[in-house]
Amino acid sequence: MMKRTILALTFAGLMAAAPAMAQDHGTPQPPRQKWSFSGPFGKFDEAQLQRGFKVYKEVCASCHSMEMVAFRNLAEAGGPGFSEAQVAALAAEYKIKDLDDKGEAIERPGRSADYFPSPFANPKAAAAANGGTMPPDMSTLGKARTYERGFPWFLIDIVTQYQEQAPDYITALMTGYEDAPKDFALPPGGNYNKYFPGHAIAMPKPLSDGQVTYDDGSPQTVEQYAKDISAFLVWAAEPHMLARKRVGFQVMIFLLVLAGLMYFTKKKVWSAVH
Amino acid sequence: MSGHSTYQPQNPVLQWLEKRLPIGGLIHSSFVAYPTPRNLNYWWTFGGILSFMLGVQIITGIVLAMHYTPHVDLAFKSVEGIMRDVNYGWLLRYLHSNGASMFFIAVYIHIFRGMYYGSYKEPREVLWILGVIIYLLMMATGFLGYTLPWGQMSFWGATVITNFFSAFPGIGEPLVTWLWGGYAVGNPTLNRFYSLHYLLPFVIAGVVVLHVWALHVVGQNNPAGIEPKSDKDSVPFTPYATVKDGFMMVCFCLFFAWFAFYIPNYLGHADNYIPANPAVTPAHIVPEWYYLPFYAILRAIPDKLLGVLALFGSIIILAFLPWLDTSKVRSARYRPLYRQFFWVFVVVCVLLGWLGAKPAEGIYTLIAQVLTAYYFAHFIIILPLLGIFEKTKPLPNSISESVLSAKA
């Protein structure tokens with residue numbers, strides 16, 4: 001008994017003390033946002049995805065590629081809810097590099113089946129135009145960013161199904177640009193961002209109030225843009241999320257019923273032995 | 001083992017087959033008539049769960065292989081193609097990636113159950129060693145599989161782990177070059193990892209057959225840790241064990257589904273959604289969670305070669321457990337001191353896992369060193385001495401007596 005108590009105390013002590021000693025590099029945790037798509041029944045807000053797409057198209061796309069997303073995806077179920085005609089018209093606005101029947105390089109108007117063309121010819125050109133680092137491709141960005149949750153949060157997250165580290169971080173990053181503190185030595189070409197690990201980010205502040213015009217009356221602020229582009233990137237990274245959660249719920253119900261039946265069968269079978 | 005089967009098929013076709021290939025009798029004696037101790041608790045259902053998980057991994061894996069491209073320029077995109085364009089590809093991939101973790105959760109429970117109830121002791125040493133071999137094969141398979149999406153963690157994890165072998169003096173460098181098929185982790189590495197990732201599960205399945213065979217020769221251990229003496233001590237596998245295993249399998253599936261459908265990326269690392277880039281090293285290179293205790297042991301030791309030897313030693317030592325534990329009593333139920341040391345050992349393993357995810361610096365390294373020392377001391381000091389000095393509780397006369405006394 002005594003041994004177990006000592007053990008429990010040591011365990012609790014280690015867990016509590018060690019992170020406090022080794023962490024705290026001065027990067028604040030991104031604030032938690034409310035997302036329509038969080039939780040087991042969460043759904044994307046179509047209007048938000050459409051606004052986020054507008055931010056992507058008018059701002060992000062000038063430097064960032066999104067090469068694993070096709071135009072047709074924008075009209076698929078569980079996404080921004082554009083009509084097929086809208087998508088076809090949108091795709092036609094883009095110039096796609098292709099070969100004609102004689103094998104000559106041509107540029108033709110985009111089709112729904114095409115993927116979003118990249119803003120630069122190749123990764124080297126992208127890096128050269130952006131101070132030596134290629135702006136990351138945006139296809140999987142909505143799952144490719146995170147921040148340290150720490151004990152005990154990483155365990156609680158299993159129960160609460162918190163999976164929105166990436167959009168929380170991206171939103172914080174978009175709104176985290178500020179003047180560098182006086183004692184901070186900002187490297188050349190760097191921009192100070194409160195939430196970026198190390199604080200010196202190569203990307204200059206991409207969004208400012210009123211930069212993108214919204215037709216649905218949503219506030220045209222950096223904060224709103226940041227949330228909308230984050231939501232859009234989550235969809236771009238996980239276009240089948242709604243199907244996943246819907247099937248998940250059906251599977252859960254099925255398994256719960258089956259578990260109940262199995263439990264009573266087991267009880268009946270074993271009643272003779274117990 | 002109930003000896004020669006008394007199975008007598010009624011169906012004339014089956015009778016004809018049975019005379020030529022007694023496969024029905026084999027199945028009947030192994031999975032129907034096979035006597036199981038009547039006092040088995042739910043911790044004994046994980047063997048069945050593990051067989052089920054192996055099946056899930058092989059089936060989802062074979063279908064994923066139909067859509068995957070093992071090439072450094074195409075692997076990441078082909079995985080994203082599975083996620084986006086293959087019908088229910090997202091489901092297959094999430095079942096497979098989370099299934100690997102579920103497989104390890106189940107195997108850890110299975111191993112610790114064996115340790116608690118002394119299931120490795122005479123006459124079950126070979127059964128236990130086959131289990132250690134399966135566990136080693138699982139670790140290799142899991143590592144190879146994590147490389148395939150060719151994200152940042154895939155690439156850098158493969159680089160770090162294969163670099164272990166460069167620690168061996170003299171042969172280290174050529175050995176690593178041979179493993180890589182080049183002078184760095186590259187396309188030949190990815191190709192052979194894919195080939196081996198497809199091969200090893202079938203090797204596992206083969207060793208599982210041996211494991212089950214060995215089990216059916218010596219019979220199952222049980223919570224009382226004494227052998228069945230009469231018919232009253234055991235019940236036939238079907239329906240008793242079948243329905244109990246089935247119930248737990250469904251419960252385990254609920255747990256599995258929670259991860260696969262609702263938090264599918266929780267057990268992975270966000271960096272693996274960034275395509276592999278040999279020019280950019282991630283801030284923290286972290287292996288999959290199931291290797292973390294061993295990763296902590298590796299990093300606890302300042303010398304690279306000794307660290308690698310400690311890492312391998314920490315797994316190999318499991319194979320010697322039947323002889324390191326000198327106690328004649330199997331079950332921790334009747335070993336009051338061992339029971340406490342068992343739980344200390346479990347906590348040490350969990351803490352090592354937590355340290356494996358932390359940067360190897362300052363206080364973390366110190367704690368990892370202390371816990372690594374304890375990990376080995378558990379096997380080479382505590383267990384041999386406990387068997388000599390521990391005063392065990394009296395064992396029940398039979399399994400049915402222990403069941404009845406528990407009820408009273």
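Chain A is the first sequence line, chain B the second, and so forth, proteins listed ahead of strands; every chain is numbered from 1. Computed from a prediction, not measured in an experiment: that's the story for all the values here.
Between A:Phe53 and A:Phe82, the ring planes lie perpendicular to each other; the angle is over 60°, past the 30° to 60° tilted range. Using cut-offs of 30° and 60° on the angle between ring planes, the pair B:Phe237 and B:Phe31 is perpendicular.
Between chain A and the residues B:Leu254, B:Leu267, B:Ile274, B:Asp271, the largest count of heavy-atom pairs under 4.5 Å involves B:Leu254. Listed options B:Pro239, B:Pro264, B:Pro275, B:Gly246 were ranked by heavy-atom pairs under 4.5 angstrom with chain A; first place goes to B:Pro264. The residue among B:Leu355, B:Val280, B:Val243 with the most heavy atom pairs within less than 4.5 Å of chain A is B:Val243. When the candidates A:Gly39, A:Ala166, A:Pro136, A:Ser139 are compared by the number of heavy-atom contacts under 4.5 Å with chain B, A:Ser139 comes out ahead.
For a heavy-atom cut-off of 4.5 Å, chain B lies close to A:Glu67, A:Met68, A:Val69, A:Arg72 in residues 63-81 of chain A. For residues 86-98 of chain B, the interface with chain A (any heavy-atom pair closer than 4.5 Å) comprises B:Tyr88, B:Trp90, B:Tyr94, sorted by residue number.
The pair A:Glu148-B:Lys358 meets the salt-bridge criterion, since a charged nitrogen lies less than 4.0 angstrom from a carboxylate oxygen.
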For this session: Go through the steps for A:Asp157 and A:Arg149 under the test side chain to side chain contact (heavy atoms under 4.5 Å, CB included), then give the verdict.
Result: CA-CA 9 Å; A:Asp157 290 346; A:Arg149 289 287 284 162; 2.8 Å; yes
Exercise. Could you walk me through whether B:Tyr34 and B:Gln220 pass the side chain to side chain contact (heavy atoms under 4.5 Å, CB included) check?
Worked result: CA-CA 10 Å; B:Tyr34 176 64; B:Gln220 279 160 299; 3.7 Å; yes
Problem set entry | Chi angles and distances behind the side chain to side chain donor-acceptor pair (under 3.5 Å) call for A:Asp168, A:Trp35 | CA-CA 9 Å; A:Asp168 280 352; A:Trp35 298 108; 2.7 Å; yes
Exercise. For B:Thr281 and B:Trp156, what are the C-alpha separation, side-chain angles and deciding distance, and is it a side chain to side chain donor-acceptor pair (under 3.5 Å)?
Worked result: CA-CA 7 Å; B:Thr281 319; B:Trp156 288 99; 5.3 Å; no
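In this structure, chain B has heavy atoms under 4.5 Å from both the backbone and the side chain of A:Ile158. Contact of A:Gln163 with chain B is made through the side chain alone, with heavy-atom distances under 4.5 Å. Only the side chain of A:Val251 comes within contact range of chain B, with at least one heavy atom under 4.5 Å from a heavy atom of that chain. In this structure, chain B has a heavy atom under 4.5 Å from the side chain of A:Pro239, while its backbone stays farther away. Proximity to chain B (any heavy atom under 4.5 Å) is shown, for A:Val257, by neither the backbone nor the side chain. Within the 4.5 angstrom heavy-atom criterion, no atom of B:Phe256 approaches chain A. Only the backbone of B:Ala260 comes within contact range of chain A, judged by heavy atoms closer than 4.5 Å. A:Phe249 touches chain B through backbone and side chain together, each having a heavy atom under 4.5 Å away. Neither the backbone nor the side chain of A:Leu141 has a heavy atom closer than 4.5 Å to any heavy atom of chain B.
Side-chain contact check for B:Ser400 and B:Asp233: at least one donor-acceptor pair (N or O, by modelled atom type) lies under 3.5 Å. With no hydrogens or angles considered, no side-chain donor-acceptor pair links B:Thr36 and B:Ser234 at under 3.5 Å.
For the ring-ring contact (aromatic ring centres under 6.0 Å, His included) with B:Tyr262, the qualifying choice from B:Trp258, B:Phe259, B:Tyr266 is B:Trp258, the only one to do so.
Looking only at side-chain heavy atoms (C-beta outward), A:Tyr56 and A:Met138 come within less than 4.5 Å of each other.
Going from atom CD1 of B:Ile49 over to atom CZ of B:Phe255 covers 11.0 Å, rounded to the nearest 0.5 Å. Atoms OG and CE, on A:Ser230 and A:Met174 in that order, are 7.0 Å from each other to the nearest 0.5 Å. One distance of note links OG1 of A:Thr146 with CG of B:Asn265; it measures 10.0 Å at 0.5 Å rounding.
Checked by atom type and distance alone, the side chain of B:Arg299 pairs as donor or acceptor with a backbone atom of B:Gly356 at under 3.5 Å.
Here A:Tyr169 and A:Tyr147 keep their ring centres 6.0 angstrom or further from each other.
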